Number of protein chains: 2
Amino acid sequence: MARTTGSDGEKTEAAVREAAVSLIARLGYEAMSMRQLAAEVGVQAAALYRYFPTKEDLLFTLMREHMEGLLEAWEAARPASVDPVDRLTAYVENHIAFHIGRRHATHVSNMELRSLSHERLTQILKMRTAYEKELRTILRDGAEVGVFQVDDTGLTAMALIQMMTGVIVWFRPGERLSIVEVTASYLSMTMRLVGATISHGTARPSGRARDAVAL
Amino acid sequence: MARTTGSDGEKTEAAVREAAVSLIARLGYEAMSMRQLAAEVGVQAAALYRYFPTKEDLLFTLMREHMEGLLEAWEAARPASVDPVDRLTAYVENHIAFHIGRRHATHVSNMELRSLSHERLTQILKMRTAYEKELRTILRDGAEVGVFQVDDTGLTAMALIQMMTGVIVWFRPGERLSIVEVTASYLSMTMRLVGATISHGTARPSGRARDAVAL
DNA sequence: GCAATAATAAAACGAACGTTCAATTAATTC
DNA sequence: GAATTAATTGAACGTTCGTTTTATTATTGC
């Protein structure tokens, strides 16, 4: 046999990407064979090579597009406000929404970095660093203005990102907690962690003692 | 050739374990071949099978002993005090010290779970759950006494563990920050995150408003 | 120093891997 | 409706994989 009735390159490629993200997330990149992936799509292994020249090209494409999507999502969500609290709130909400929505792809991007060539690894890490830098900037601005109490901006940024990204490890949609509840909790924990002060609430700052965000 | 001069089963097995942790952490379990591991030890691949019946047995042994070590370390570090702040402090300090000290093994135990059989996976997860439960208990006790402000014990425990374990991703000994500094920062962030109040300090609790830990 | 045992090497097993190639059929273009 | 292009199959390639078997040598116990 050869070309099958109803076959369509665009649809096949999309199916390959989707199946690859799911399979790599579940089995790991090394453990997933091209034949397994092909079977999931309903095609022979050779057909995959029409869309991706090598297995690593496939992995890299998935990772690059995921990171691009993350950066684009933040560009779109970034508020006009200069208030560090507003910006941190937007960052946390965007991060959690994006990662919960793309659990499998996030898993792949975080766990399979070692399977990339040196050059491609550098490319992905550059994007990741740019994304993390956004958070560091927010924390630094907030600390300078005095609205955050942070002793080390870099360390705090890493701790927050690890904490937030970790949500994909245990969170399952439709279980005990809703996305809204989880986001609210993480936002509350984040604000406490950075020692955010209530800058425009009902509480009046009195002397040296500042109240932590209550939430 | 056959048995080599100076060969010693105990030493070889220890060398295999050590090399395996390092190689699996660097390359991943699936990507590491038994021949590669054998070469690292300075032995032929067949010799490995004198110590571990299969590749998966090797992985499982490494993971189980790592988790046992973590639980034992906590048993030893757990304070006699009933004060939730003391207990949380001990938990954080033990967790960070243990994970920084065994970065590679932690990486293996966290990343390669999917390569275990169902039964063995369950066994490892049981140990992990027991360890996490210790933290949940501390948080719950602290919340009941009113010394912690936590809206969801389970969620907070997961967030804290993800945050603390994440230290192995970016921390490198001998760089900008020392272990002592990092531990102090994480302790401070943890106490703020759980809304810990100063229960025995110089500050006097006045009415409803409670001061957050300053650190 | 001789027998028993422990530790390894060397070679081979079948299976699975990523990938390539030629052939074949469906869809599209004119 | 013929020519062209797109999509896929089926078979094969050389490699590498985890593992087993057998033979060989070092060490240990008596």
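Just so it is clear, the structure is predicted and the values come from calculations on it, not from any experiment. Proteins come first, then strands; the chains are lettered A, B, ... in the order of their sequence lines, and each starts at number 1.
- Residue T12(B) places no side-chain N or O under 4.0 Å from the OP1 or OP2 atom of dA7(C).
- A donor and an acceptor atom, one from each side chain of N110(A) and T165(A), are nowhere located under 3.5 Å apart.
- Looking at D57(A) and T54(A), their side chains do bring a donor and an acceptor atom within 3.5 Å of each other.
- For the pair R35(A) and S33(B), nearest-nucleotide mapping onto DNA chain D gives the more 5' position to R35(A).
- In this pair, Y186(B) and W170(B) present their aromatic rings parallel. The plane angle is below 30°, not in the 30 to 60° band.
- A heavy atom lying under 4.0 Å from DNA chain D marks none of the residues of residues 113-120 of chain A.
- Around atom CD of E181(B), more than 12 heavy atoms belonging to other residues, nucleotides or ligands sit under 6.0 Å away.
- Using a 30° and 60° split on the angle between ring planes, H66(B) and H99(B) fall in the perpendicular class, above 60°.
- Between Y51(A) and the phosphate of dA6(D), there is no side-chain N or O to OP1/OP2 separation shorter than 4.0 Å.
- Atom pair K11(A):NZ and dA27(C):C1' shows a separation of 13 Å (rounding to whole Å applied).
- Rounded to whole angstrom, the span from the OH atom of Y49(B) across to the P atom of dA12(C) amounts to 19 Å.
- Out of dC21(C), dA9(C), dA7(C), the shortest distance to the side chain of V43(B) is found at dA9(C).
- Rounded to a whole Å, the CG atom of L59(B) is 14 Å from the C1' atom of dG18(D).
- For the salt bridge (charged side-chain N to carboxylate O under 4.0 Å, His left out) test, residues two or more places apart in sequence or in another chain that qualify with R78(B) are E75(B), E134(B).
- Whole-Å rounding puts the Q36(B) CD to dT19(D) C1' distance at 17 Å.
- Atom CD of Q44(A) is separated from atom C1' of dA23(C) by 14 Å (rounded to the nearest Å).
- When distances run from any side-chain atom of A46(B) to the nucleotides dA11(C), dG18(D), dG10(D), the shortest one goes to dA11(C).
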Show me the donor-acceptor pairs within less than 3.5 Å that the side chains of residues 20-42 of chain B make with the rest of the protein, sequence neighbours left out.
from: Y29(B); atom 1: OH; to: E56(B); atom 2: N; distance (Å): 3.2
from: S33(B); atom 1: OG; to: Q36(B); atom 2: N; distance (Å): 3.0
from: Q36(B); atom 1: OE1; to: S33(B); atom 2: N; distance (Å): 3.3

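- Distances shown here put every side-chain N or O of T4(A) at or beyond 4.0 Å from the OP1 or OP2 atom of dT9(D).
- Residue F52(A) is out of contact with every strand shown, counting any heavy-atom pair closer than 4.0 Å.
- The nearest whole Å value for the distance from the CD atom in E13(B) to the P atom in dA7(C) is 10 Å.
- The nearest whole Å value for the distance from the CD atom in E30(A) to the C1' atom in dA16(C) is 14 Å.
- The CZ atom of R50(A) sits 5 Å away from the C1' atom of dA7(D) (whole-angstrom rounding).
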